[in-house]
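Both ligands and their constituent atoms are indexed starting at 1 by order of listing. We count residues from 1, following the sequence as given.
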Amino acid sequence: MKIAQIGEAILRQPARKINPDEFNRNELQDFSEALLNTMLEANGIGIAAPQVFDPRAMMFIASRPNVRYPNAPQMEPLLLINPLIVAQDNDLVWEWEGCLSVPGLRGKIARPDWVEVHYQNLQGDKLHQRFEGFVARIFLHEFDHLIGLTWLDHIVDGKHIMANEVWAQALEQGLL
Ligand code: ZN
């Protein structure tokens, strides 16, 4: 599926909650598979439905080790439908993020270090999970997409935006 780029109206719209009668349907299953495949093809570690022009409140998170987080957990992609934040760390952690919908840029964003969420699966079962560190950051980044935000909305200083290549170079030089 095509990935919406910043400036598209869908990225500014709050997502719509999935209703009880929409669970356990082939359409929901098929869409979730297409969403996952779009994320994998784009080499992403998370994606939210509005990023593929679909207004429903669902997302995947899929942490894996990377250059910035060599110790990040390798996890099976997790689908979260109708996610809600029920608790979060009061202390914020600053870290650089990128986004499939904001090509070419990285931004330094402060986010809670852990978060507790309620969500549903494809069957509509209600589940509870706590995410920490890098996984919490992915969750919060994707959750932003469900409320019409991107990392750009958290920028407090223009110096906290870098071109991808400049960021990668600075990281290599140990400057970040
Ligand atoms: Zn994003």
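- Taking the six-membered ring for Trp and thresholds of 30 and 60 degrees, Phe139 and Phe143 have nearly parallel ring planes, at less than 30 degrees apart.
- The side chain to side chain donor-acceptor pair (under 3.5 Å) with Arg137 is formed by just one residue from the set Glu97, Glu95, Glu142, Glu132; it is Glu97.
- Excluding waters, the protein N/O/S atoms found under 2.8 Å from the Zn ion (ligand 1) are Cys99 SG, His141 NE2, His145 NE2.
- A donor atom on one side chain and an acceptor atom on the other are not found under 3.5 Å apart for His118 and Asn82.
- The main-chain N or O of Asp30 is never found under 3.5 Å from a side-chain atom of Glu33 such that the two would form a donor-acceptor pair.
- Between Leu152 and the choices Asp144, Leu11, Ile109, Ile6, the side-chain contact (heavy atoms from CB on, under 4.5 Å) rule is met once, by Ile6.
- In this structure, Arg106 satisfies the cation-pi test against Trp167, with its NZ or CZ atom closer than 6.0 Å to the six-membered ring centre and inside 45 degrees of the ring normal.
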